[in-house]
Colleague: 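Provided herewith is a single structure, encoded as structure tokens, for subsequent inquiry.
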Amino acid sequence: MIDAALQPLQHRLLTRPARVLHRYGVEPDQITIAGFLIGVLALPALAFGLYGPALVLILLNRLADGLDGAVARLGAPTDRGAFLDIALDFVFYALIPLGFALAEPAANALPAAVLIAAFVGSGTSFLAFSIIAAKRDLKAEDYPSKGIYYLGGLTEGFETITLFILICLWPALFPLLAYVFAAACVVTTVTRWVQGWQAFDDG
């Protein structure tokens, strides 16, 4: 919901470390893959109830997610990089509720399944819109640095990371927070359906 507003601040904070990485020849795709592998480690951490270490791994993953784009902008961003970034992000997002389900199956399995299903709705509506927008050569002025057409919504990256922080700090609240966020994802999904229906009306 507020990702576009946070973009300038993110760029300012990440420009200096991105320049250092770029100077030493670190490639954006290397950062993307390393960040994803770090994020994957959050799954076993959560499954064993190690919520503090899991939170650190999640935040490191998100830092890498910002740095890869910042490094890419110092050179020539590629379609492969944009594809890799978004594809791995969606897998990472699903792993976090799965970790909570493994930690406490009786309490968390159902809300985790609902949350993952809601992520699927939000993610597929995002990607479906982007595919058609790219076909029509549409541009998103609010997200000029993104590798694909970025359609906003109630639940975007900032809100999702806020959820992950909250559930790691207060894991007992996972069922409640999962259901609340899933409901917000439904709103985002329906909103994107409506936007797509209107934007691509050829009548």
Side-chain angles (χ1 to χ4, degrees), residues 1-14 17 31-70 85-126 150-192:
M1 184 169 60
I2 64 173
D3 280 13
L6 293 176
Q7 284 288 318
L9 175 61
Q10 178 181 315
H11 289 172
R12 286 196 297 271
L13 293 175
L14 295 179
I31 301 172
T32 302
I33 294 171
F36 174 71
L37 295 176
I38 290 170
V40 168
L41 293 176
L43 176 63
L46 290 170
F48 286 103
L50 304 174
Y51 299 110
L55 177 56
V56 172
L57 293 166
I58 290 169
L59 293 177
L60 287 174
N61 169 274
R62 294 297 84 198
L63 175 61
D65 185 62
L67 277 173
D68 60 4
D85 181 65
I86 195 67
L88 297 185
D89 271 355
F90 277 94
V91 174
F92 166 73
Y93 287 149
L95 293 179
I96 304 308
L98 176 59
F100 277 88
L102 293 173
E104 297 286 345
N108 293 343
L110 180 57
V114 170
L115 182 57
I116 292 172
F119 281 167
V120 170
S122 177
T124 54
S125 60
F126 169 96
Y150 196 106
L151 184 63
L154 184 61
T155 52
E156 296 179 8
F158 175 80
E159 291 79 19
T160 305
I161 299 312
T162 300
L163 168 70
F164 290 169
I165 292 172
L166 292 176
I167 57 180
C168 285
L169 292 176
W170 293 283
L173 294 179
F174 175 79
L176 173 62
L177 293 174
Y179 285 133
V180 169
F181 199 82
C185 285
V186 170
V187 173
T188 297
T189 301
V190 173
T191 300
R192 287 173 175 165

Colleague: Locate the shortest heavy-atom distance separating Leu102 from Ala47; write the atom from each residue and the value.
Modeller: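 Reported closest heavy-atom pair: CB-CB, 3.8 Å.
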Colleague: Phe90 versus Phe119: any side-chain heavy-atom pair under 4.5 Å?
Modeller: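 Not in contact.
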Colleague: Say whether, by atom type as modelled, one donor and one acceptor occur between the side chain of Asn61 and the main chain of Gly35 under 3.5 angstrom.
Modeller: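 Indeed, once roles are kept as given, a pair shorter than 3.5 Å links the two residues.
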Colleague: Please name the residue in the list Leu46, Val56, Leu59 that meets the side chain to side chain contact (heavy atoms under 4.5 Å, CB included) test with Cys168.
Modeller: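 The option that passes is Leu46.
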Colleague: Is the ring pair Phe100/Tyr51 parallel, tilted or perpendicular, if the boundaries are 30 and 60 degrees?
Modeller: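 Geometry flag for Tyr51 against Phe100: parallel rings.
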Colleague: For Ala64 and Ile31, work out which heavy atoms get closest and say how close.
Modeller: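 Where Ala64 meets Ile31 most closely, the heavy atoms are O-CG2, 3.5 Å.
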Colleague: Output the distance between atom CZ (Phe181) and atom CG (Leu176), rounded to the nearest 0.5 Å.
Modeller: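 Answer for the CZ-CG pair, Phe181 versus Leu176, is 13.5 Å.
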Colleague: For the residue pair Val114 and Tyr179, establish whether any side-chain heavy-atom pair is separated by less than 4.5 Å.
Modeller: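 Yes, at least one pair of side-chain atoms sits under 4.5 Å.
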Colleague: Calculate, to the nearest 0.5 Å, the distance between atoms CG and OG1 belonging to Leu37 and Thr32 respectively.
Modeller: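 OG1 of Thr32 is found 11.0 Å from CG of Leu37.
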Colleague: Looking at side-chain heavy atoms only, is the closest gap between Ile86 and Phe126 below 4.5 Å?
Modeller: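 Heavy-atom side-chain distance check passes, below 4.5 Å.
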Colleague: Please report the interatomic distance CG(Leu43) to CG(Leu98), rounded to the nearest 0.5 Å.
Modeller: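 The CG atom of Leu43 sits 5.0 Å away from the CG atom of Leu98.
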Colleague: For the SG atom of Cys185 and the CD atom of Glu159, what is their distance to the nearest 0.5 Å?
Modeller: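 Between atom SG of Cys185 and atom CD of Glu159 there are 9.5 Å.
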Colleague: Kindly give the heavy-atom pair with the smallest separation between Ala112 and Pro97, and that separation in Å.
Modeller: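 Heavy atoms only, the tightest pair is CB-O, 3.4 Å.
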Colleague: Taking only residues two or more places apart in sequence or in another chain, which ones pass side chain to side chain contact (heavy atoms under 4.5 Å, CB included) with Leu177?
Modeller: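 Side chain to side chain contact (heavy atoms under 4.5 Å, CB included) list for Leu177, sorted by chain: Leu163, Leu166, Ile167, Leu173.
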Colleague: Would you say Thr124's side chain and Gly121's backbone share a donor-acceptor pair under 3.5 angstrom?
Modeller: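 Yes, the answer is positive, given that a donor and an acceptor are paired below the 3.5 Å cut-off.
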Colleague: Distance-only, no hydrogens or angles: does the Ser122 side chain make a donor-acceptor pair with backbone N or O of Ala118 under 3.5 Å?
Modeller: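 Between the backbone of Ala118 and the side chain of Ser122 there is no qualifying donor-acceptor contact (under 3.5 Å).
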Colleague: Any idea which heavy atoms bring Leu57 and Ala42 closest together, and the distance?
Modeller: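 Nearest pair, atom of Leu57 first, then Ala42: CD1-N, 3.7 Å.
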Colleague: Would you give the length of the straight line joining atom CG of Leu95 to atom CD1 of Ile58, rounded to the nearest 0.5 angstrom?
Modeller: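 Separation between the atoms: 10.0 Å.
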Colleague: Can you tell me how far the CG atom of Leu60 sits from the CG atom of Asp65, to the nearest 0.5 Å?
Modeller: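 Going from CG on Leu60 over to CG on Asp65, the span is 12.5 Å.
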Colleague: Quick check: closest heavy atoms across Tyr93 and Arg62, and the distance to 0.1 Å?
Modeller: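 That would be OH-NH1, 3.2 Å.
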